[in-house]
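Have a look at the structure below, then the notes.
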Amino acid sequence: MSTKHGHYGEYGGQFVPETLMNELTKIETSYQEAKNDPEFQQEVHDLLNNYANRPSLLSYAKRMSDDLGGAQIYFKREDLNHTGAHKINNVIGQALLAKRMGKTRLIAETGAGQHGVATATIAALLGMECEIYMGKEDTERQKLNVYRIELLGAKVHPVTTGSMVLKDAVNAAMQAWTQRVDDTFYVLGSAVGPHPFPEMVHDFQSVISKEAKQQILAETGKLPDAVVACVGGGSNAIGSFAAFIDDSEVALIGCEAAGKGVDTKQTAATIERGSTGIFHGMKSKFMQNEDGQIDEVYSISAGLDYPGVGPEHSALADMHRAQYVGITDDEAVDAFEYIAKTEGIVAAIESSHAIAYVKKLAPTMRKDQVIICTISGRGDKDVASIAKYRGVDVDE
Amino acid sequence: MSRISNAFKKEKAFIGFVVAGDPDLKVTVENVLALEDGGADLVEIGIPFSDPVADGPVIQDADQRALNQNVNTEDVFELVRLIREQSDIPLVFLTYANLVFKSGYETFCKKCVDLEVSGMIIPDLPYEEQDDLLVVMEQNDLDLIQLITPTSKERIPKLAKRARGFIYVVSSMGITGTRNEFKEDISQLTNEIKKYTTVPIAIGFGIHTPIQAVEMSHLADGIIVGSEIVRIAHEDSPQRLMTYIQEMKDAIS
Ligand SMILES: Cc1ncc(COP(=O)(O)O)c(C=O)c1O
């Protein structure tokens with residue numbers, strides 16, 4: 001949807017300390033110039049296609065479609081991107097912008113580690129310094145990704161404040177940025193934060209739906225009936241929705257992490273359970289108490305374990321243009337195993353939340369209807385923790 | 001004219017910051033009274049927040065300790081009521097945007113008026129996002145304290161022109177916490193601000209020793225001490241806090 005100076009309806013804005021305001025304005029100006037500069041767009045396009053392996057496949061999930069006996073299911077395969085997730089689409093855009101602005105150093109937060117890996121990767125490719133902030137809890141859930149980030153030449157800062165997960169990593173990265181803005185660009189990993197981040201992330205991730213739209217039209221000759229994606233901060237979801245937002249006949253469905261259940265305290269289903277607030281630079285929906293203290297949320301998935309959601313999703317939910325549903329840990333783990341066995345794809349536990357909803361949705365639809373489900377990332381990083389969830393001890 | 005201007009009437013002002021509820025609500029009342037007895041001219045009452053992104057570890061930890069005791073916004077109002085039974089020192093709230101937003105701007109401002117709290121400092125509510133709150137604050141004759149930082153540059157004129165009460169000059173980049181040296185050229189910053197306003201200027205972030213206090217007080221109308229007070233409140237007694245404030249106040253008098 002269109003944004004008016006960073007506002008999506010009542011959401012969005014720039015709620016950051018004064019220290020960062022000039023820098024945000026610079027990013028805003030540089031981004032608007034870059035956006036209209038064909039040379040910049042070409043640079044982004046080149047890296048996406050010749051480094052990150054785009055366009056990503058849209059694959060028909062025949063066995064799953066047959067098994068569920070309803071709608072025809074297509075997977076948008078962001079898991080096949082270099083570094084294994086959609087995160088790289090956004091990082092390529094932001095890192096090239098950083099470079100254009102004369103920055104030499106990238107910092108980023110990471111939850112599951114995918115955004116950290118993507119940022120470290122592009123930093124290595126462009127010869128930039130890189131430091132990643134990651135909740136200590138997540139460094140333990142995602143040890144392999146920590147090592148991978150270090151292997152790529154970046155430094156990982158384990159964050160020990162709060163509940164030591166994604167929210168705390170964002171806090172730490174924002175603080176680090178306030179201390180050093182001159183040479184540093186904060187590569188935000190989701191469609192959250194102060195303007196212009198949600199807009200940039202929307203733009204850089206919309207390559208997902210631009211491709212998917214062409215691909216599905218070529219394949220089936222019509223628009224899909226539904227697009228389904230998982231929602232943490234909402235970057236792969238907004239990227240999956242973007243090109244379809246104006247096509248009102250296409251249902252847009254975001255799958256939030258319900259953890260142990262939407263009605264339990266151990267959940268991260270922000271749109272269903274949260275309320276409007278101001279945090280992490282934006283006005284949006286947050287999980288919080290009646291005073292406005294931000295909740296500690298929970299999900300098996302480190303990438304969805306976040307108490308907020310991007311402002312554009314809050315607005316799309318209010319307008320009923322998109323629908324948001326909660327998927328529990330159990331449902332996500334079942335889906336993780338299901339698509340491994342039916343389609344031979346080990347998908348990220350985050351993406352498995354979207355697959356879990358498709359399992360429910362497809363049988364309620366007709367055979368001539370079509371669902372596109374975004375597989376936001378691959379699940380290699382999750383194999384050990386899923387094994388553990390099932391009570392199997394594997395050596396990482 | 002708001003009570004804040006009283007704080008800047010005499011010599012250089014000393015402004016102290018406490019986290020409400022650390023070590024507990026009762027001792028916070030004693031600490032605010034100790035600040036006043038030690039010579040503080042204005043006190044910032046910090047309402048603890050779960051994620052204080054503009055604050056360093058000392059204040060973050062204090063916020064967490066207060067929240068661990070379930071201190072909520074209503075408790076902080078009650079604490080101020082107790083202070084008001086014994087003192088009419090100028091007070092402002094320092095907190096994050098979400099707590100004021102969730103209270104409701106009307107409700108929060110009315111509370112300030114009832115409790116004779118003169119204004120607010122909200123580190124994550126920059127100029128561009130202030131309009132909604134400002135309308136309500138102005139109706140209630142409350143002052144929204146503007147923060148100006150070494151990175152404000154061409155934003156200084158508009159910030160200075162909107163300023164009421166006092167201007168909070170942030171001495172350095174980054175987050176709160178004691179510092180041993182100041183890298184930025186603060187005099188250039190304060191001189192620039194003075195071109196656009198006669199609202200008093202107070203410098204904060206990092207100040208903790210009497211020598212620093214003197215140095216900074218030459219550049220401004222007052223100084224602000226936060227983390228060091230919070231540290232003493234946590235580790236020591238109201239008595240020790242009072243003698244610390246006396247030392248600092250003597251240094252700038
Ligand atoms: C594979 C994968 N999918 C989804 C997400 C959630 O992020 P977002 O909602 O921004 O797409 C993450 C975050 O780490 C991820 O790694």
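By convention in this document, chain letters (A, B, ...) are assigned in the order of the sequence lines, proteins followed by strands, and residues within each chain are numbered from 1.
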Salt bridge (charged side-chain N to carboxylate O under 4.0 Å, His left out) between A:E10 and A:K283, worked out: CA-CA 8 Å; A:E10 67 168 305; A:K283 186 181 279 189; 5.0 Å; no

Test log, rule salt bridge (charged side-chain N to carboxylate O under 4.0 Å, His left out), inputs A:D138 and A:R141: CA-CA 5 Å; A:D138 291 338; A:R141 283 197 272 194; 2.8 Å; yes

Salt bridge (charged side-chain N to carboxylate O under 4.0 Å, His left out) between A:E199 and A:K35, intermediate numbers included: CA-CA 11 Å; A:E199 183 185 334; A:K35 199 172 171 170; 3.3 Å; yes

Pair A:T19-A:T178, side chain to side chain donor-acceptor pair (under 3.5 Å): steps then yes or no: CA-CA 6 Å; A:T19 306; A:T178 342; over 6 Å; no

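Ring-plane geometry between A:Y324 and A:H313 is classed as perpendicular, the angle between the planes exceeding 60 degrees on a 0 to 90 degree scale with a lower cut at 30.
A:S299 places no side-chain N or O within 3.5 Å of a backbone atom of A:D305 that could act as its donor or acceptor partner.
Taking both residues in full, the closest heavy atoms of B:F17 and B:V19 are given as CE2-CG2, 3.7 Å, listed atom of the first, atom of the second, then distance. Residues A:V156 and A:M134 come closest through the heavy atom pair CG1-CB, 4.3 Å. The heavy-atom pair separating B:R179 from B:H208 by the smallest distance is O-NE2, 3.2 Å. Shortest non-hydrogen contact noted between B:S171 and B:F205 is OG-O, 2.5 Å.
Top candidate by heavy-atom pairs under 4.5 Å with chain B, chosen from A:P194, A:S275, A:G277, is A:G277. Per-residue counts of heavy-atom pairs under 4.5 Å with chain B were compared for A:E296, A:M174, A:Q175; the largest is that of A:Q175. Put simply, of A:V170, A:T276, A:V181, the one with the most heavy-atom pairs under 4.5 Å next to chain B is A:T276. The residue among A:F279, A:W177, A:F286 with the most heavy atom pairs within less than 4.5 Å of chain B is A:F279. When each of A:V16, A:T25, A:N289 is scored by its heavy-atom pairs under 4.5 Å with chain B, the top score falls to A:V16.
Put simply, CE on A:M282 and CD on A:E312 are 12.5 Å apart, with the number rounded to the nearest 0.5 Å.
Of the atoms belonging to B:S152, heavy atoms from both backbone and side chain fall under 4.5 Å from chain A. Looking at A:Q288, the atoms closer than 4.5 Å to chain B (heavy atoms on both sides) all sit in the side chain, from C-beta outward.
Side chains of A:E18 and B:Q146: a donor-acceptor N/O pair is absent below 3.5 angstrom, by distance only.
Side chains of B:Y105 and B:V100 form a contact here, defined as non-hydrogen atoms less than 4.5 Å apart. Looking at B:V225 and B:E228, their side chains come closer than 4.5 Å, going by heavy atoms from C-beta outward. Between B:V92 and B:I4 there is a side-chain heavy-atom pair separated by less than 4.5 Å. Using a 4.5 Å heavy-atom cutoff, the side chains of B:M120 and B:M137 are in contact. Proximity of B:N98 to A:I294: side-chain heavy atoms (C-beta onward) are separated by under 4.5 Å at one or more points. By the 4.5 Å heavy-atom criterion applied to side chains, A:M101 and A:L97 are counted as neighbours.
Residues of residues 157-167 of chain A lying under 4.5 angstrom from chain B, judged on non-hydrogen atoms, are A:T161, A:K167 by number. Using a 4.5 Å cut-off between non-hydrogen atoms, the part of residues 71-83 of chain B that approaches chain A consists of B:N72, B:T73. Heavy-atom proximity under 4.5 angstrom to chain B picks out nothing from residues 182-189 of chain A. Of residues 43-67 of chain B, those residues lying under 4.5 Å from chain A by any heavy-atom pair are B:P48, B:F49, B:S50, B:D51, B:P52, B:V53, B:A54, B:D55, B:Q60, B:L67.
A:F197 and A:H202 have their aromatic ring centers separated by at least 6.0 angstrom. Note: B:F93 and B:F108 meet the aromatic proximity criterion, with ring centroids under 6.0 Å apart.
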